[in-house]
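For reference, the structure is listed below as structure tokens.
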Amino acid sequence: MKVLTIKEPYASIIMSGLKEYETRSWKTNYRGKIYIHASIKIDDDLKSRNDLQKLVYDNNITLKPGYILCEAYLDDCIYMNDMFIKNVSDKEKMVGRYELGRYAWHLSDIRVIEPVQAKGKLGIWNYEFDVKYIRRKK
């Protein structure tokens, strides 16, 4: 199974259905089912940004560092240009890094699973585990 490690709180925000794009400095040609893993490291943004703290608190998001949290479908990898960035919602910009030359990985069909503890890796990595679905988002 393909897995992508994302820093918290962003992995949990994806799981909650509040983040549609994962922004990266690199592109991928992979399309298909991918599992979202929350890294052990919590992004420093959570400590310093009130808007991010409010989003997490207001949506009752519980962080689960070190766990695979959900299944998603990676259906596009978009090169960010001025037009794309202009059309991204303010809410989406709050939870991603939208800059010229970066990539927006579009995630859809989010399905929450029973969390699975795993050690993360860089890039898209493979991990075998039994999936137990909890619910579907969006």
Side-chain angles (χ1 to χ4, degrees):
M1 298 176 189
K2 302 289 185 192
V3 183
L4 179 66
T5 297
I6 300 173
K7 284 185 182 177
E8 283 286 43
Y10 303 105
S12 290
I13 293 170
I14 288 170
M15 180 188 68
S16 72
L18 297 172
K19 181 173 168 44
E20 184 176 351
Y21 294 99
E22 170 57 15
T23 57
R24 295 277 160 156
S25 62
W26 52 282
K27 71 176 182 175
T28 182
N29 292 322
Y30 176 75
R31 302 292 182 273
K33 188 185 296 186
I34 193 163
Y35 290 86
I36 304 301
H37 174 262
S39 72
I40 293 291
K41 182 171 172 36
I42 296 175
D43 197 290
D44 291 338
D45 283 354
L46 187 59
K47 298 173 191 160
S48 62
R49 290 183 43 203
N50 291 336
D51 60 342
L52 198 53
Q53 291 171 13
K54 184 173 174 22
L55 179 74
V56 169
Y57 178 79
D58 287 352
N59 290 282
N60 296 315
I61 295 172
T62 302
L63 305 185
K64 296 271 308 172
Y67 284 83
I68 299 171
L69 305 175
C70 63
E71 172 189 286
Y73 192 83
L74 173 56
D75 56 27
D76 206 356
C77 179
I78 303 159
Y79 181 78
M80 292 187 211
N81 59 27
D82 286 325
M83 182 65 80
F84 177 80
I85 294 169
K86 179 182 173 188
N87 289 314
V88 172
S89 72
D90 289 339
K91 182 179 90 175
E92 195 70 38
K93 285 178 184 171
M94 183 179 81
V95 293
R97 223 173 116 197
Y98 289 87
E99 300 169 0
L100 292 175
R102 290 179 58 83
Y103 296 88
W105 298 18
H106 186 258
L107 301 170
S108 62
D109 198 26
I110 307 299
R111 296 182 74 186
V112 179
I113 65 169
E114 186 174 300
V116 175
Q117 192 168 20
K119 184 177 179 184
K121 296 181 183 179
L122 295 176
I124 296 174
W125 47 282
N126 292 307
Y127 190 73
E128 294 302 318
F129 63 97
D130 292 327
V131 178
K132 295 179 184 168
Y133 295 100
I134 297 174
R135 66 184 180 280
R136 184 180 300 259
K137 291 287 184 180
K138 283 190 166 182

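Nothing here was measured: the structure is a model prediction, and the numbers come from that model. Side-chain atoms are counted along with the backbone in the values below, which use heavy atoms only and exclude waters and symmetry mates. Throughout, residue positions are numbered sequentially from 1 according to the sequence presented.
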_Using only atom types and a distance under 3.5 Å, with no angle test, would you say the side chain of K7 pairs donor to acceptor with the backbone of D44?_
no
Is F84 reachable from M94 through a run of I, L, V, M, F, W or Y residues, each pair having side-chain heavy atoms under 4.5 Å apart? no
Exactly one of W26, Y30, Y21 clears ring-ring contact (aromatic ring centres under 6.0 Å, His included) with W105, and that residue is W26
message = Test your reading of the model: is there a side-chain donor-acceptor pair from E92 to the backbone of G96, 3.5 Å cut-off?
response = no
Heavy-atom nearest pair, I61 first then L55, reads CD1-O, 4.2 Å
Between N81 (side chain) and M83 (backbone), is there a donor-acceptor pair under 3.5 Å?
yes
Check your understanding: Quick one: does K2's side chain have a donor or acceptor within less than 3.5 Å of a partner on G32's backbone?
Key -> no
Ignoring hydrogens and angles, tell me if any N or O in the side chain of E8 forms a donor-acceptor pair with the backbone of D43 under 3.5 Å. no
Quiz prompt | Donor-acceptor contact below 3.5 Å, side chain Q53 vs main chain K47 | solution = yes
Sorted by chain and number, sequence neighbours left out, ring-ring contact (aromatic ring centres under 6.0 Å, His included) with Y127 holds for W125, F129
Heavy-atom nearest pair, G101 first then Y79, reads CA-OH, 3.4 Å
- Cut-off 3.5 Å, side chains only: do N59 and S16 have a donor facing an acceptor? no
Residues passing the ring-ring contact (aromatic ring centres under 6.0 Å, His included) test with Y67, sequence neighbours excluded, are none
Look at the side chain of E71 and the backbone N and O of I113, then say whether any donor-acceptor pair between them is shorter than 3.5 Å. no
